[in-house]
Number of protein chains: 2
Amino acid sequence: MPRRTRPTINQVAEAAGVTKSSVSRAFTRPEMLSEETVRKISAAAERLGYVPNRTARALSTGRHGNIALIVPDVANPFFPPLIRAAQSEADRSDYCVFLGNSDEMPKQEDKLIGRFGGQVEGFLLVSSRLTDEQIVEHAARRPVVLINRDVEGIPRVLIDSASGVTEAVEHLASLGHKKLVYVGGPRGSWSNKQRRAAVRRSARALGLEVGVIANEYPAFEAGRRVVPNVLASGATAVIAFDDLTAQGMLAELLDRGVSVPEELSVVGCDDVLGATTYPSLTTVSNRSIEAGKTALTLLVDALENQAAPDVRYVLNTNIVVRNTTGKART
Amino acid sequence: MPRRTRPTINQVAEAAGVTKSSVSRAFTRPEMLSEETVRKISAAAERLGYVPNRTARALSTGRHGNIALIVPDVANPFFPPLIRAAQSEADRSDYCVFLGNSDEMPKQEDKLIGRFGGQVEGFLLVSSRLTDEQIVEHAARRPVVLINRDVEGIPRVLIDSASGVTEAVEHLASLGHKKLVYVGGPRGSWSNKQRRAAVRRSARALGLEVGVIANEYPAFEAGRRVVPNVLASGATAVIAFDDLTAQGMLAELLDRGVSVPEELSVVGCDDVLGATTYPSLTTVSNRSIEAGKTALTLLVDALENQAAPDVRYVLNTNIVVRNTTGKART
DNA sequence: CTGTTAGCGCATTCAT
DNA sequence: ATGAATGCGCTAACAG
């Protein structure tokens, strides 16, 4: 039965017949020691099962090798692949990552940042619901990298869904649609603003009529609830803030006997469902994995080089045509 | 522009005209101080924006208020809801949670545990791929709670998919199926063993013939790849380790022109896809949210009370009949 | 190359 | 009720 308290640097030192300085060096800057000594120490450490105490190390160096990743909703399928990508990138650089879930609430997000504050070197804020001012303030304290949030002066990775949304509108126009609606997402969402603007802009350019329907929480059930409004709008095509919302709409439309795409064309956004809906959903591609990986690399860079470059990394998207879009009903 | 280094206990002490001992007490055991002093200190702390340094506190007390949550694959839809539930439960008790992704690899899982080791008070291991011995060893060092892993002596929450799987087999039998196959999951997975055993046991009890097809990584593509073997087996129904695998099979079957459920009945497991596949998938319910919440409560209990009760918390499941199961072809 | 010394920021005896 | 002193485990000058 192993003891509950882990061996310390001192025990290793004693076991190896050196002082703790040497043990410390063996783990941080082995090139300063003779190979012989390093070997001795490694052997002793191995034998005792010694692992450096990160907390103690952090107190001494001010660096704990931790970063915090905060997302609005872990369970929203848009985020897990991004989280996973960020994780494995962090792993490569030996960082541990705290995960925070803001539940789409600015207050909760702020609270989490405070709680993590003391023990992380930097933050990766995904689709942050904070205000620009709050973000700037936090960024003044320690490095922050943003995903899908465009704040001047703060390194950010933006998935430009506008490009894909524009393609979607063009696609619908080419199918003969004259009137469409956009079903929105969270108020504080940068992606939502961007998508809504892209729909409006491209629709106007093509001479289409466009309405907007508000919808705060992006989820299956919310998609169902919004259907009556969509139907009442008289539009022949709808673009939803995300796939989840679109999926909910699809289910509700099926229940109401409204056939897709014959009576109504539906376009999602983020391509998180793949071809798994029925009919398979026409949507806008997402590049969340690249975004997660890139953002984390940016953050690590900022941490290692002390400098946070003012990068604005944009990832374009495309429309993915599947089977929920078709010719406009006449 | 706020300074980048946070104020320390000493600065607060000086500002308040007391020693750091008093400041420390003001934050941990204010009842030991006069109200007057506490007020003075609080005011000074407030003014300076002082927040206790968790790292320093941890080094001194051995308690950092962090826990680690390790899952095989964040991007597997089974886990996010569980993670979310565990998160919010941790939040209620003011714990920060590290998230680790083992990529289904025991070695990676072990590495993560080591890396977190120094800075967490306990672990929540979900669907751990480690050996019993490894788990016991880690549990000897600090509190561990398991989800979907049944190791004697270690607090664990088990989602009993056997009950649901058994119902599934009975369901298939009642539809006239005589021969079925089980498409497996990860080798180290407790759930996989449990499901496979349940299929065999109940099939035998009902006089059905049953084959097993191995399949290491539970994912959409793996589901597609396994289809030829399933078809070759001559079975009229298949039960898959999880919904993802089943979904991949559905896609491949569609591509091959094999109609479901007319020619082949398909049952998934975990109900992570809801009714979103086509045809909508018959599956076994999951209770991952309750599992996450319960496990985290158990862990916090173990941390606060020093004692890890040997609980074995079992959550039963049921079959959810949708549209991928039908009468056996004749 | 390696040992000695002094903290990092805080909690916690032990005094007073 | 409060102050002084010690140590948590480790890194980082500073010597030699």
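Lettering of chains follows the sequences in order, A, B, ..., and the numbering in each one begins at 1. Worth knowing before you read on, the calculation uses all heavy atoms, side chains too, and leaves out hydrogens, waters and symmetry mates.
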Report task. Return the value, rounded to whole Å, for the distance between atom CZ of B/Arg29 and atom C1' of C/dT13. Result -> 11 Å
Query raised in the report: Quick check: are there more than 12 heavy atoms from other residues, nucleotides or ligands sitting under 6.0 Å from CD of B/Glu35?
Result: no
Query raised in the report: Could a donor-acceptor pair under 3.5 angstrom be found where the side chain of B/Ser21 meets the base of C/dA11?
Result: no
Query raised in the report: When only distance counts, do a donor and an acceptor, one from the side chain of A/Arg25 and one from the base of C/dG3, lie under 3.5 Å apart?
Result: yes
Query raised in the report: So with a 6.0 Å cut-off around OH of B/Tyr313, is the heavy-atom count from everything else above 12?
Result: no
Report summary line: From NZ of B/Lys20 across to C1' of D/dC8 the rounded distance in Å is 13 Å
Query raised in the report: How about A/Gln108: does its CD atom have over 12 heavy atoms from other parts shown lying under 6.0 Å from it?
Result: yes
Requested in this report: Classify the nucleic acid contact of A/Thr28 as base, sugar-phosphate or nothing, counting any heavy atom under 4.0 Å across all strands shown.
Outcome: sugar-phosphate
Query raised in the report: Rounded to whole angstrom units, what separation is found between the CZ atom of B/Arg57 and the P atom of D/dG9?
Result: 18 Å
Requested in this report: Give the rounded distance in Å between these two atoms: CG of B/Asn10 and P of D/dA4.
Outcome: 12 Å
Query raised in the report: When we call it a touch if two heavy atoms are under 4.0 Å apart, what does A/Ser24 touch: a base, just sugar-phosphate, or nothing?
Result: base
Requested in this report: Determine the contact category for A/Thr8: base if any of its heavy atoms lies under 4.0 Å from a base atom, sugar-phosphate if only primed atoms, P, OP1 or OP2 are that close, otherwise nothing.
Outcome: sugar-phosphate
Query raised in the report: Think B/Thr19 has a side-chain N or O under 4.0 angstrom from the OP1 or OP2 of D/dG3?
Result: yes
Requested in this report: Return the value, rounded to whole Å, for the distance between atom NE2 of B/His64 and atom C1' of D/dC8.
Outcome: 11 Å
**Report entry** First encountered from the 5' end of DNA chain D, between A/Leu59 and B/Val38
**Finding:** B/Val38
Query raised in the report: Ion pair present between A/Arg156 and A/Asp310, side-chain N to carboxylate O less than 4.0 angstrom?
Result: yes
Query raised in the report: Can a side chain N or O of A/Ser34 be found less than 4.0 Å away from OP1 or OP2 on C/dT2?
Result: yes
Report summary line: Taking for A/Thr37 and for B/Asn53 the nucleotide of DNA chain C with the nearest heavy atom, the one nearer the 5' end belongs to A/Thr37
Requested in this report: Identify the two heavy atoms, one from B/Val144 and one from B/Pro155, that lie closest to each other, and give their separation to 0.1 Å.
Outcome: O-CD, 3.6 Å
**Report entry** Separation of atom CD1 in B/Ile9 from atom C1' in D/dT2, rounded to whole Å
**Finding:** 14 Å
Query raised in the report: A/Glu36 CD to C/dC1 C1': how many Å, rounded?
Result: 13 Å
Query raised in the report: When you match B/Ala56 and B/Val18 each to their closest nucleotide on DNA chain D, which lands nearer the 5' end?
Result: B/Val18
Query raised in the report: With a non-hydrogen cut-off below 4.0 angstrom, is B/Val23 in contact with a base, only sugar-phosphate, or nothing?
Result: nothing
Report summary line: Separation of D/dG16 atom P from A/Met32 atom CE, nearest Å, is 17 Å
Requested in this report: Take A/Gln119 and B/Asn66 through the side-chain hydrogen bond (donor to acceptor under 3.5 Å, both in side chains) test and state the conclusion after the steps.
Outcome: CA-CA 10 Å; A/Gln119 42 189 351; B/Asn66 297 331; 2.9 Å; yes
Query raised in the report: Would you say B/Ser22 reaches D/dG3's phosphate, i.e. side-chain N/O to OP1/OP2 under 4.0 Å?
Result: yes
Report task. Just call it for A/Phe27: base, sugar-phosphate, or nothing, with non-hydrogen atoms closer than 4.0 Å on any strand. Result -> nothing
